[in-house]
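When a ligand or atom number is given, it counts from 1 through the structure's own listing order.
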Amino acid sequence: MNTLRGAFDEDAELYDRMRPRYPAELVAGIVTLAGLTPRSRVLEIGPGTGQLTVPLASAGYEVTAVELGPSLAAVARRNLRDFPRAHVEVCPFEEWTLPPDPFDLVVCATAIHWIDPAVRFTGAADALRPGGTLALVTTHHVAGGSEEFFEQVQRCYERWDPATRPGLVMPDEASTETVFDELDRPPWAGPVRASRHVREITYTAEQYLNLLMTYSGHRALAPDALHGLLGCVRGLIDDRYAGRITKRYLHELLTVRKAS
Ligand SMILES: C[S@@+](CC[C@H](N)C(=O)[O-])C[C@H]1O[C@@H](n2cnc3c(N)ncnc32)[C@H](O)[C@@H]1O
């Protein structure tokens, strides 16, 4: 795979180690808003190594996850081995054949932007039963945590990544909002409900560099640029921040119900 969306599959074990799981209250929010019962059937699009799949499967739901990357899917299956009602299929969602039985919940965490906009929501709607719920989790890096570090680290990006827009600043939470025009009252759905979940994670320099290597944009850099960038980031964390920085994440949960 040589596209950006395929880059996550290049090191599935690293992805599994470094990418955060989701806050328990966010998962509980999905369950409540979708009105899941022990018999509910869940479809997940782009599960990665199971960051959201594992808590849903461990709650007992029947989960089918459709993942583009075979290596990610293999790690996800390993993470789901204790949950026989969870299955991972390797296929681009756009090409996946819907099973005859519809789902009560279709969920997609930090992955909907990788799915073809022409079919991502209509495909999800087709997979849902009437009254079923589509739940989208988005993840944003927002101002907060080690704020000064994130200002200063832009110099590293400006030096080593030619695509960096000069003077980029972290958006603040208040001005960050996920909007999908396609969800603005499509014929199949009711209004969108949104909730927000903020959390901070502290990383050592080594951990933070490993996290960066799970981002497709970083993986796509030329080897010299990547080497220079990671050295610059590591130097900043070690020399100016005593080896640790804190990143602030905003997860948004959007849910929309299919008309009955
Ligand atoms: C940023 S990762 C998110 C993974 C995981 N859901 C998480 O929350 O960490 C995006 C995921 O979407 C998958 N993906 C990208 N395009 C896809 C497609 N067309 N069909 C299915 N999965 C896709 C990638 O392989 C990757 O696992």
Undergrad: Does a donor on one side chain and an acceptor on the other come within less than 3.5 Å for T110 and Y22?
TA: yes
Undergrad: Show me which atoms of ligand 1 lie under 4.0 Å from any heavy atom of Y15.
TA: 1 (C), 2 (S), 3 (C), 4 (C), 5 (C), 7 (C), 9 (O)
Undergrad: Within the 4.0 Å heavy-atom shell around A111, which atoms of ligand 1 are there?
TA: 10 (C), 11 (C), 12 (O)
Undergrad: With a 6.0 Å cut-off on ring centres, are F180 and H113 close enough?
TA: no
Undergrad: Applying a heavy-atom cut-off of 4.0 Å, say which part of V66 lies close to ligand 1: side chain, backbone, both or neither.
TA: backbone
Undergrad: Yes or no: does T110 have any heavy atom under 4.0 Å from an atom of ligand 1?
TA: yes
Undergrad: What atoms of ligand 1 come within less than 4.0 Å of a heavy atom belonging to F93?
TA: 18 (C), 19 (N), 20 (N), 21 (C)
Undergrad: Looking at ligand 1, does any of its N/O atoms fall within less than 3.5 Å of an N/O of P92?
TA: no
Undergrad: Taking the ring of F121 and the ring of W188, is the distance between their centroids below 6.0 Å?
TA: no
Undergrad: Find all atoms of ligand 1 within a distance of less than 4.0 Å from any non-hydrogen atom belonging to W114, and give their numbers and elements.
TA: 10 (C), 15 (C), 16 (N)
Undergrad: Which of the atoms in ligand 1, numbered in the order shown and given with their element, are less than 4.0 Å from a heavy-atom of L72?
TA: 25 (O), 27 (O)
Undergrad: Does the ring center of Y249 lie less than 6.0 Å from the ring center of H197?
TA: no
Undergrad: Where's the contact between P47 and ligand 1, heavy-atom distance under 4.0 Å: side chain, backbone, both or neither?
TA: backbone
Undergrad: Taking the six-membered ring for Trp, are F150 and H141 parallel (under 30°), tilted (30 to 60°) or perpendicular (over 60°)?
TA: perpendicular
Undergrad: Would you mind listing which atoms of ligand 1 come within a distance below 4.0 Å of any non-hydrogen atom of Y22?
TA: 7 (C), 8 (O), 9 (O)
Undergrad: To the nearest 0.5 Å, what is the distance between OH (Y15) and CG (N210)?
TA: 14.5 Å
